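Each remark here refers to the structure printed beneath this line.
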Amino acid sequence: MSEEHKKIIVGDRRPDGRALDEMRPITAKAGVISRANGSAHFAMGSTVAIAAAYGPRELHPKHLQDPVRAYLKYVYAMAPFSTQDRVKPGPSRRSTEISEVSRQAFNSVIFLEEFPKAGIEVFVEILQANASTRCAGINAASIALADAGVPMTDLVSSCAAGKVDGKIILDVAGEEDTEGEVDMPIAYIPRKDEIALLQMDGLLTLDEFKEALELAKKGCMQIHEKQVAALKERYVRVASEIAKKGPVRESAEEVA
Amino acid sequence: MSEEHKKIIVGDRRPDGRALDEMRPITAKAGVISRANGSAHFAMGSTVAIAAAYGPRELHPKHLQDPVRAYLKYVYAMAPFSTQDRVKPGPSRRSTEISEVSRQAFNSVIFLEEFPKAGIEVFVEILQANASTRCAGINAASIALADAGVPMTDLVSSCAAGKVDGKIILDVAGEEDTEGEVDMPIAYIPRKDEIALLQMDGLLTLDEFKEALELAKKGCMQIHEKQVAALKERYVRVASEIAKKGPVRESAEEVA
Amino acid sequence: MSEEHKKIIVGDRRPDGRALDEMRPITAKAGVISRANGSAHFAMGSTVAIAAAYGPRELHPKHLQDPVRAYLKYVYAMAPFSTQDRVKPGPSRRSTEISEVSRQAFNSVIFLEEFPKAGIEVFVEILQANASTRCAGINAASIALADAGVPMTDLVSSCAAGKVDGKIILDVAGEEDTEGEVDMPIAYIPRKDEIALLQMDGLLTLDEFKEALELAKKGCMQIHEKQVAALKERYVRVASEIAKKGPVRESAEEVA
Amino acid sequence: MITKIDKEFIKTLAREGKREDGRAFDQFRDLKIETGFAKNAEGSALVTLGETRVLAGVKLSVGTPFADTANEGVLMVNAELGPKASPEFETGPPKEGAIELARVIDRGIRESKCIDLEALCITPKEKVWMVSVDIDPINDGGNILDAAGIAAIAALHDVKIPKLDEDVRPIFGTNSGKLKLRHIPIPVTTFKVNGALVMDPDFEEEASAEARLTVTSVEGFLCAMQKGGESNFKTEEVVRAAETAYAKATELREVVKQAVGL
Amino acid sequence: MITKIDKEFIKTLAREGKREDGRAFDQFRDLKIETGFAKNAEGSALVTLGETRVLAGVKLSVGTPFADTANEGVLMVNAELGPKASPEFETGPPKEGAIELARVIDRGIRESKCIDLEALCITPKEKVWMVSVDIDPINDGGNILDAAGIAAIAALHDVKIPKLDEDVRPIFGTNSGKLKLRHIPIPVTTFKVNGALVMDPDFEEEASAEARLTVTSVEGFLCAMQKGGESNFKTEEVVRAAETAYAKATELREVVKQAVGL
Amino acid sequence: MITKIDKEFIKTLAREGKREDGRAFDQFRDLKIETGFAKNAEGSALVTLGETRVLAGVKLSVGTPFADTANEGVLMVNAELGPKASPEFETGPPKEGAIELARVIDRGIRESKCIDLEALCITPKEKVWMVSVDIDPINDGGNILDAAGIAAIAALHDVKIPKLDEDVRPIFGTNSGKLKLRHIPIPVTTFKVNGALVMDPDFEEEASAEARLTVTSVEGFLCAMQKGGESNFKTEEVVRAAETAYAKATELREVVKQAVGL
């Protein structure tokens with residue numbers, strides 16, 4: 001990145017009009033895929049993820065079964081039409097790494113020891129990508145796992161801080177992503193105050209890093225609220241349906 | 001296809017001199033691969049298929065075993081040198097689909113329930129391709145399965161009807177295949193009067209479709225006779241050899 | 001190769017100054033990878049191989065287990081940076097073949113029947129390639145297997161003879177390899193006087209073949225001595241360490 | 001995922017001429033189509049058919065034509081049956097089911113000649129538009145194939161062709177005009193459930209079916225057919241399925257037309 | 001597929017200098033060669049050796065040369081050991097056996113210098129002929145390797161090089177002349193059965209063998225060798241095998257010459 | 001490969017502020033770097049860190065740039081965790097571990113901007129240098145990642161760029177000058193063992209760790225971070241790890257400088 005590039009943040013105003021510590025609008029909805037045990041739709045601006053969760057269920061192939069705890073499977077994928085250039089279906093090195101660090105972010109919050117030999121599986125798909133897709137995926141997966149009734153100590157929440165034109169900002173997107181200096185996604189577990197995922201690309205001083213970390217944590221707290229609200233809304237919806245017509249199979253929900 | 005293209009059917013005479021409802025010459029022979037349990041060679045004009053059948057035999061990998069019926073495996077493949085452009089070895093999307101619809105065509109005629117956990121396997125290879133290769137493959141596979149002693153309710157017979165220059169014709173081949181409007185392969189089970197495979201590509205009115213279907217069924221009846229004759233010839237051959245030298249391992253038969 | 005090419009062997013002197021029946025300098029060392037059960041480093045001139053041996057140990061996947069003998073696995077691979085053009089990681093047709101013929105060369109010297117169901121595994125990597133890499137690999141593997149304590153009737157030794165400018169020479173290398181007429185690697189088991197690997201590429205008369213075979217066997221005898229010496233040096237080293245500090249886990253050794 | 005008892009129940013109902021949800025055998029569930037759903041695709045559509053949801057997205061890129069069709073663009077249809085949409089789907093490369101799904105939809109579109117591939121040629125022998133249609137089932141509530149076929153053709157009708165830069169590379173997000181299409185091929189699948197011919201099954205009905213026949217049609221013509229399933233059809237069943245599918249496609253086509261603004 | 005008792009019987013016979021079918025140890029079964037067998041190949045041959053049948057087909061296409069041999073055509077030999085030919089063969093990508101088979105035959109042809117690869121250059125650095133030899137065993141009656149090697153060289157001798165169109169693409173079905181070959185390399189494999197050196201085994205003898213040595217030769221020269229199998233050879237056995245193989249190749253070459261019209 | 005008892009022992013020690021070999025928590029084992037180790041690579045380095053040994057080799061070739069970075073060379077980092085280095089590693093295509101290893105090192109190098117990719121452009125849009133860094137662990141004595149990162153950057157500093165021939169192909173073995181690098185990014189990983197923050201573990205300590213955080217830094221800046229492992233870090237642990245890693249990198253960088261002659 002050459003030093004003379006045109007500034008994209010002018011006087012603490014970002015290209016899309018946000019303040020430095022402002023997130024993009026968030027929408028979150030639980031229960032959008034009737035065939036999955038749990039599911040969610042999560043959007044941060046124009047980054048859109050859906051997640052389906054299953055489990056605990058019988059695990060195949062058998063050699064993956066762990067005699068003392070459930071096997072947690074986390075698959076992150078991008079829809080072929082989710083980005084500027086078509087994404088070839090099937091795992092890539094990038095998606096393999098994201099799946100792995102995302103799985104690790106959930107590892108400590110799920111009571112895996114309660115389901116020896118079983119599989120708990122989350123499938124995340126990015127329908128539309130505009131930065132922070134792994135964060136949106138984790139946020140959707142959290143809701144989907146809770147919606148599936150998987151016992152967890154807390155919801156995992158994820159967002160990114162970054163550095164653009166020398167300023168630490170929350171939730172990098174658009175031009176900021178392609179032209180910015182740093183992207184730093186984290187996943188956070190509020191109840192335990194723990195960092196469950198942390199990646200950083202770009203040049204940050206130690207002080208900038210500390211500032212970015214605190215900012216990202218604040219972002220995660222906001223997302224956490226949206227996640228909780230989505231789950232509450234889901235319970236209300238299910239309850240009212242049961243009240244209406246008895247405990248029948250539930251109808252499909254809007255994906256978006 | 002532009003409407004002004006040169007007619008290839010002139011006055012009910014086809015490029016190779018056949019009548020509209022005439023098949024290409026057929027040759028069929030059972031017992032051409034001594035190492036297989038059953039085998040066959042089947043040619044329709046210059047489309048040539050061979051098939052080897054095994055089973056019921058132990059099935060690998062074990063997770064494919066079905067506790068209540070035999071697993072039927074049908075693999076269709078083209079020899080690399082069977083067409084104008086070399087065919088890369090290994091399954092393609094096309095060959096995977098043909099294998100699957102062909103397997104389904106045999107599914108109902110074989111007494112699979114009599115051999116729980118076992119595998120019944122047919123391997124079809126197209127040595128030379130000039131249209132209707134899936135049909136030739138099915139016709140060879142039928143004979144091979146019967147030759148292997150696999151219990152079946154009937155032989156499956158297969159051929160294609162099509163539309164060229166607006167005319168419904170039997171057994172599309174050569175120029176008709178590359179320049180024609182419609183290709184419609186079917187597989188037919190005469191004894192039950194059932195359609196076991198049906199694919200159609202191209203534009204047909206409902207009436208034309210009905211006409212093509214009846215024509216294809218007639219073609220299948222002719223093929224059925226050739227298949228039965230090939231099996232009879234095979235039994236006579238085996239019997240005469242046994243009479244001559246006792247029940248020894250049989251010598252190799254001509255492939256073509 | 002055109003007949004008018006410039007001679008590279010002038011008056012029984014080879015490009016690198018060796019005599020016709022002279023090998024390149026050899027270095028061999030056992031015990032270079034502490035995490036492996038046995039290991040070795042073997043260099044012939046600038047061809048460098050390392051090998052790690054494991055076993056007998058539990059074999060995965062289980063379906064490879066042989067109820068009457070150990071399964072011998074031999075994997076030959078080239079480091080991506082070992083040649084002029086980068087070698088794509090993962091097995092190639094070439095490396096698959098070399099792995100297979102090398103495995104066969106060891107098959108008869110290891111007491112496989114003593115370890116039913118177990119796996120004995122050797123992993124060979126070429127760090128630097130200048131001809132005869134399969135030979136260097138086998139020589140390293142021999143030492144590594146012995147270092148791992150795998151019971152063997154003899155060490156397998158391997159080198160190549162060849163023909164360059166019409167002359168039969170030992171241990172083809174460099175220009176001789178790219179410009180020469182024949183390369184003939186063998187593996188030899190001195191104690192049984194048996195040829196355990198033999199490949200030949202290029203034009204040889206029967207008499208030349210016999211001459212090359214005898215020359216290669218002589219080369220193998222020289223290598224055999226170096227292999228034995230490397231193992232002796234290893235035993236002395238281990239013994240002196242044990243004497244010094246008791247039987248502790250041993251420290252890493254120089255790779256080269 | 002469906003029990004033997006449920007299957008038997010559905011089959012018994014079918015034999016009696018009934019369906020669990022009270023629909024007639026040839027009655028489809030409510031069809032909704034939302035185009036432009038995936039903003040980074042050049043065209044997209046989300047199809048909802050009862051509980052079934054299928055998303056189709058179209059990406060355009062510039063590539064080299066095949067040697068034997070040097071003046072034509074390239075159409076590719078791909079489908080994945082990923083585990084998010086159903087507990088029965090698995091990860092991994094497409095298996096028979098997904099391959100067949102993609103190929104049946106591909107043929108329905110291709111054989112209808114609705115796309116003028118020659119119009120997608122930029123420079124003969126050198127540069128043509130590559131049109132990738134990706135089918136992404138979101139929820140398998142049964143009859144994915146028909147939903148996917150409708151999503152695919154709706155997504156194609158939604159395509160905005162990008163402008164090209166001086167290096168003949170598409171400029172993402174620009175619009176040089178819509179992809180021109182001549183027809184709206186609609187696949188309609190008839191399932192045989194205990195001998196009864198049923199359309200648009202939910203996933204339990206689909207799991208109870210012994211055979212299926214997909215008939216894709218445009219105005220006036222059938223353009224592609226595909227029989228599937230472990231059992232077979234009688235001749236008169238095939239003919240009946242073709243006729244009903246053709247009639248049903250005419251109905252469904254109106255919904256598509258409205259959704260894509262025709 | 002061969003029982004322990006059969007194996008022991010064959011081994012005992014071998015030790016006594018006998019074979020089940022009465023042949024001498026160095027005696028081949030009847031060799032028949034039919035060229036032009038596969039009409040869509042540019043060259044092909046079906047080789048019958050007793051019950052063993054191997055088909056080889058050659059396809060020619062135009063491609064880009066390798067950077068380090070920019071003036072040479074490309075020869076590729078590929079083999080599959082598909083399940084139609086033997087209950088012991090499996091589906092899936094080629095395993096060690098098929099890869100070794102292809103590579104041994106490839107080296108026999110390549111090292112004999114029978115093909116003038118420079119003559120297959122069309123435009124240096126740009127366009128050359130790619131010659132694909134595909135080996136397709138039809139029935140494994142033993143000794144597939146020798147049958148395959150003979151089929152490959154016979155198929156190459158059968159090759160008609162197509163004419164080229166103005167875009168330098170081959171015109172299918174045309175003939176601009178035969179592929180010129182200088183030699184007829186013939187592989188002959190010696191099997192060690194219970195210590196005896198045996199040629200052209202049937203599949204039961206082959207399954208009973210502990211080692212094998214393939215020697216490919218042309219007039220005057222050995223051109224490729226390959227030892228295989230789980231056991232080894234003594235030096236004198238190797239020499240004997242090479243000599244016998246060379247002599248036997250001279251006999252078999254006559255059959256090939258007749259078949260290809262030389 | 002590590003028993004439960006050993007693990008418990010290591011964890012108990014860690015809780016007491018001790019390590020089996022007596023090192024301080026932030027103390028590295030002896031670091032040795034040998035450049036030029038692999039003679040056929042354009043650059044290489046063998047790094048020894050206690051018992052751990054990792055080899056990195058760099059190959060240069062000429063290729064086509066990506067369309068969206070048409071004036072830049074291409075950097076690729078690849079790693080294999082092959083079975084020679086540890087009984088726990090397996091053959092087969094790279095799994096999560098090897099992919100993550102390669103990508104973390106790749107990002108450390110790339111994000112530090114130590115390579116001027118534009119300087120690796122030969123002809124814009126047409127020919128650029130492709131720089132392949134291959135990481136080859138020889139012995140897994142623990143902390144492969146840090147050793148690999150150091151090996152990679154040392155190997156890059158060892159690179160001699162070959163001369164080009166008239167066809168713009170590299171001439172093997174020639175030297176047109178060294179690859180210019182602006183920085184020396186050094187990854188330092190902090191492991192959490194029973195709550196204690198430990199650096200440069202041996203393989204038994206590493207197997208006992210519940211989480212890890214890799215911090216790659218250059219002078220003045222952190223340039224890449226990656227958290228891994230089955231457990232998490234508190235905020236203050238992350239900050240402490242970043243600070244210690246930065247300080248430790250400054251020390252280790254001196255060893256690298258000496259090894260590469262800076």
Side-chain angles (χ1 to χ4, degrees), chain A residues 31-41 43 45-55 57-58 60-61 73-75 77-91 99 119 121-130 133 140-141 144 148 249-256, chain D residues 1 29-30 32 34 37-44 46 48-61 76 78-80 82-94 98 102 130-142 155 162 169-173 202-204:
Chain A
V32 300
I33 300 172
S34 67
R35 293 296 308 280
N37 297 154
S39 57
H41 174 270
S46 56
T47 291
V48 180
I50 52 171
Y54 296 94
R57 66 176 179 183
E58 213 190 322
H60 295 284
K73 185 173 187 171
Y74 187 108
V75 179
M78 300 190 83
F81 44 78
S82 61
T83 55
Q84 175 165 347
D85 294 320
R86 177 172 182 268
V87 179
K88 225 182 117 207
S99 295
E121 309 182 25
V122 201
F123 302 98
V124 166
E125 191 182 45
I126 305 305
L127 297 181
Q128 226 169 264
N130 178 1
T133 60
R249 202 173 57 222
E250 186 185 339
S251 69
E253 302 301 327
E254 288 300 308
V255 164
Chain D
M1 297 305 291
R29 293 166 295 178
D30 214 27
K32 284 184 230 157
E34 185 188 343
F37 182 85
K39 307 294 179 218
N40 290 341
E42 273 74 46
S44 66
L46 173 67
T48 306
L49 197 54
E51 289 196 13
T52 293
R53 287 178 159 245
V54 179
L55 184 51
V58 182
K59 288 298 300 176
L60 262 65
S61 60
M76 289 163 293
N78 184 61
E80 301 244 320
K84 72 174 172 305
S86 162
E88 279 128 76
F89 296 163
E90 289 167 28
T91 45
M130 321 287 283
V131 180
S132 289
V133 181
D134 280 284
I135 290 168
D136 185 10
I138 305 293
N139 195 33
D140 176 15
R169 295 197 298 144
I171 306 167
F172 183 62
D202 64 24
F203 80 91
E204 289 178 337

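All figures in this text were calculated on a predicted structure; none of them were measured in a lab. Protein chains get the first letters and strands the later ones, always in sequence-line order, with residue 1 at the start of each.
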Notebook entry, point to check: Which atom pair, heavy atoms only, marks the closest approach of S82(A) to N40(D)?
Noted result: O-ND2, 2.8 Å

Margin query: Looking at E51(D) and R35(A), is there a salt bridge between them, counting it only when a charged N and a carboxylate O are closer than 4.0 Å?
Written below: no

Margin query: If you compare all heavy atoms of Q128(A) against all heavy atoms of F37(D), which two are closest, and at what distance to 0.1 Å?
Written below: OE1-O, 3.4 Å

Checklist line | Residue that, paired with F81(A), satisfies side-chain contact (heavy atoms from CB on, under 4.5 Å) out of K59(D), K39(D), E42(D) | finding: K59(D)

Notebook entry, point to check: Of all of L55(D), D134(D), L60(D), N78(D), which one pairs up most often with chain A through heavy atoms under 4.5 Å apart?
Noted result: D134(D)

Margin query: Which atoms of T83(A) are under 4.5 Å from chain D, going by heavy atoms: the side chain, the backbone, both sets, or neither?
Written below: backbone

Notebook entry, point to check: Among P91(A), P89(A), A144(A), G90(A), which residue forms the greatest number of heavy-atom pairs with chain D at distances under 4.5 Å?
Noted result: P89(A)

Margin query: Can you tell me which portion of Q84(A) sits under 4.5 Å from chain D's heavy atoms? Options are side chain, backbone, both or neither.
Written below: both

Notebook entry, point to check: Which heavy atom in I138(D) sits nearest to a heavy atom in I33(A), and how many Å separate them?
Noted result: O-CG2, 3.5 Å

Checklist line | Residue S61(D) versus chain A: region with a heavy atom under 4.5 Å | finding: neither

Item checked: Heavy-atom proximity to chain A below 4.5 Å, by part of P83(D) -> both

Note to self: For a quick test of reading the model, state the closest non-hydrogen atom pair linking Y54(A) to K84(D) and the distance between them.
What the structure shows: OH-O, 3.5 Å

Note to self: Let me confirm one number: the CD-CD distance from E80(D) to E125(A), rounded to the nearest 0.5 Å.
What the structure shows: 8.5 Å

Checklist line | Part of D136(D) lying under 4.5 Å from any heavy atom of chain A | finding: side chain

Notebook entry, point to check: If we only count heavy atoms from C-beta on, is the R57(A) to P87(D) side-chain gap below 4.5 Å?
Noted result: yes

